Structure formats: structure tokens, C-alpha cells
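On a predicted model such as this, the values are computed, not experimentally measured, just so you know. Along the sequence shown, residues carry numbers from 1.
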Amino acid sequence: MGELSDIADLDLDRTARRGYPEAVFCAGKTPDQVGRIAAAVRERPDVTTLFTRAGSEHAAAVLAELPDAAHDVEAGLLAWPPALPTPAGGLVVVLAAGTSDLPVAREAHLTARYLGRESELVVDVGVAGLHRVLARVDLLRRARVVVVAAGMDGALPSVVAGLTSAPVVGLPTSVGYGAAFGGIAALLTMLNACAPGVSVVNIDNGYGAGHLAAQVAAPTDDRENP
């Protein structure tokens, strides 16, 4: 391995500065580069480091340096240290419209958990069977914020925003047939949501959705701390 300074300048004090740690986006990096970063963060167990969009070779490189790191293969996410923090603040509910949206939804769910929020993941509640999401209304109304991962027509965030007073984070996924255009159709639908209170992150950006949700659900006073 070469010098870390040749490829990265890690922001390991970001938590002290803005309340949340830096994450490592693995896509586009070589396994060697990701391994060097993992070796560096090993020296800072006080900082929770998430490795996102990690393929199998990226994961192997991280685990070679951090063998006890938590690894969710479906979400393509690794976390070190592996222990989830004690949750504080409000509840983050993450909905996956279909099973095909689950990898992105899991990335959002795990990001919120590792950033210190209680989070519940609900799967397969798309608009093709509205009774499924209606059966979850009580849970939705307990949420401080709801993340909705949906591809195809991307209609679910508007439905959810009409059922709860919580802000909704629309998370378009690249799931769908040809005219879905790799998630662009879902993105545009969410941006044009009729229901107020819907914000939208980029296509397949589960990390961004989970991070935003964690910020929205952050503790507002000492009563929400464990």
C-alpha cells in the first residue's frame, strides 16, 4: 500500500464540527484505496465510519483491515466500529415500495441507525396494493420523518405525505422498465409531488436520505436522550 495522503485527506474531526462523521463512498475507488482508508480509520475507534456502495472487492479490502466491521451485503454498506449507537431523538421510518427497492432502503435505514436514530424498515408497501401502506398508518404517524424508497412511477411519497404530518424524504430508485429511465421518472414524480412536505434526494442515494432523516429526527431536548 502507498501513502494515504496520495489518495485522501480524511475529515476525522467532522463529528466535532457538524455533528455527523464523514462517510467513505467506495464506488469509483479501487480496493487498494479503500483498504488504505480503512487502515487509517482503525486508529480512530471514536469515530463511526460508514463505507457505502461497497462491492465485494471493496468489502474484502475493508474487512482485511477491520475484520470486525459490520457488513450488510444487500445494502453494500460496512460500518466500523460495528456496534450500533444507543438511539436518541425521534423515530425514522423507512419504506421500500417493492422488494427491488430494498437495497437502497436498507442503506437509508442503516445510515439512520448508525447516525444514532431509532429506525424501522417496512418492505413491499407500494401503490399497487394501497391496503399495505394503509395498514401501517399508526407507525407512520409515530415517525418524526419518513423515508420512501420507490422506483417505477415513484408515486408512494405523495401517498405517504397525505397520511402523516411528518416530513417525507423521497428516495427515487433506478428500478423500473425502460421508460423509468433508470430512476429519472421516479425522481420527476417525487419532485412534482402534490402533497406538501416532500423533499427529494438523488436517485439511489440511500445514504443521503438516511443522513437527512437522522438530522430531521435529531433530539430537540434532553427528554429525547436515553
Side-chain angles (χ1 to χ4, degrees), residues 11 14-15 18-27 41 47-54 58-59 62 69-125 136 139-140 142-151 154 156-157 160-161 164 166-175 183 186-187 190 197-220 224:
D11 189 3
R14 187 176 297 185
T15 301
R18 62 178 307 274
Y20 299 91
E22 181 180 25
V24 179
F25 182 70
C26 296
V41 303
V47 177
T48 298
T49 301
L50 299 181
F51 296 83
T52 67
R53 289 307 169 89
H58 295 126
V62 172
H71 181 204
D72 189 289
V73 176
E74 187 173 24
L77 183 142
L78 297 98
W80 190 86
L84 287 164
T86 301
L91 172 65
V92 175
V93 173
V94 180
L95 304 182
T99 306
S100 298
D101 303 304
L102 195 49
V104 178
R106 285 193 62 81
E107 183 182 32
H109 166 65
L110 290 169
T111 296
R113 284 295 287 113
Y114 275 102
L115 294 184
R117 304 292 164 259
E118 179 186 2
S119 180
E120 293 200 28
L121 176 63
V122 179
V123 303
D124 202 17
V125 288
R136 303 288 187 158
L139 174 63
L140 295 176
R142 287 197 291 111
R144 176 76 63 77
V145 56
V146 182
V147 176
V148 182
L156 187 58
V160 172
T164 177
V168 172
V169 179
L171 172 53
T173 74
S174 53
V175 171
L187 171 66
M190 294 180 190
V198 178
S199 64
V200 186
V201 297
N202 209 343
I203 298 167
D204 289 338
N205 187 9
Y207 170 76
H211 196 297
L212 176 59
Q215 289 183 271
V216 172
T220 55
E224 291 186 310

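With contacts defined as side-chain heavy-atom distances shorter than 4.5 Å, the pair T220/R144 qualifies. No side-chain heavy atom of V198 sits less than 4.5 Å from a side-chain heavy atom of V148. Taking 4.5 Å as the limit, every side-chain heavy atom of T48 sits out of range of all side-chain heavy atoms of P85.
The structure places CZ of R113 at 12.0 Å from CG of L50, a figure rounded to the nearest 0.5 Å. Atom CG of L91 sits about 6.0 Å away from atom CZ of R142, to the nearest 0.5 Å. Rounding to the nearest 0.5 angstrom, the gap separating the CG atom in L115 from the CG atom in L84 is 10.5 Å. Taking CG of L110 as the start and CD of E74 as the end, the distance is 9.5 Å to the nearest 0.5 Å.
Closest approach of V93 to A143, counting heavy atoms only: CG2-CB, 3.6 Å. When all heavy atoms of T111 and H211 are compared, the closest pair comes out as CG2-N, 3.6 Å. Scanning both residues, A54 and A59, for their nearest heavy atoms gives CB-N, 4.5 Å. In terms of heavy atoms, A105 sits closest to A96 at CB-CB, 3.7 Å. The heavy-atom pair separating V104 from N205 by the smallest distance is CG1-N, 4.5 Å. Nearest heavy atoms, D124 versus G98: OD1-CA, 3.9 Å.
T164 places a side-chain N or O within donor-acceptor distance of the main-chain N or O of L140, the cut-off being under 3.5 Å. In this structure, D72 contributes its side chain and A75 its backbone to a donor-acceptor pair below 3.5 Å. Without hydrogens or angle criteria, R117 side chain to A88 main chain gives a donor-acceptor distance under 3.5 Å. Using modelled atom types, one side-chain atom of H58 and one backbone atom of C26 make a donor-acceptor pair closer than 3.5 Å. A donor-acceptor pair under 3.5 Å links the side-chain atoms of Y114 to the main chain of P82, judged by distance alone.
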- Candidate pair L78 and V24, rule side chain to side chain contact (heavy atoms under 4.5 Å, CB included), full reasoning: CA-CA 10 Å; L78 297 98; V24 179; over 6 Å; no
- Show your reasoning for whether side chain to side chain contact (heavy atoms under 4.5 Å, CB included) applies to E120 and R136. CA-CA 11 Å; E120 293 200 28; R136 303 288 187 158; over 6 Å; no
- Task: Please test D204 against R53 for side chain to side chain contact (heavy atoms under 4.5 Å, CB included), starting from the C-alpha separation and ending with a verdict.
- Result: CA-CA 10 Å; D204 289 338; R53 289 307 169 89; 3.2 Å; yes
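For the pairing with V168, the side chain to side chain contact (heavy atoms under 4.5 Å, CB included) check across L156, V200, V160 returns one residue only, V160. Screening V146, V94, V147 against V169 for a side chain to side chain contact (heavy atoms under 4.5 Å, CB included) leaves a single residue, V147.
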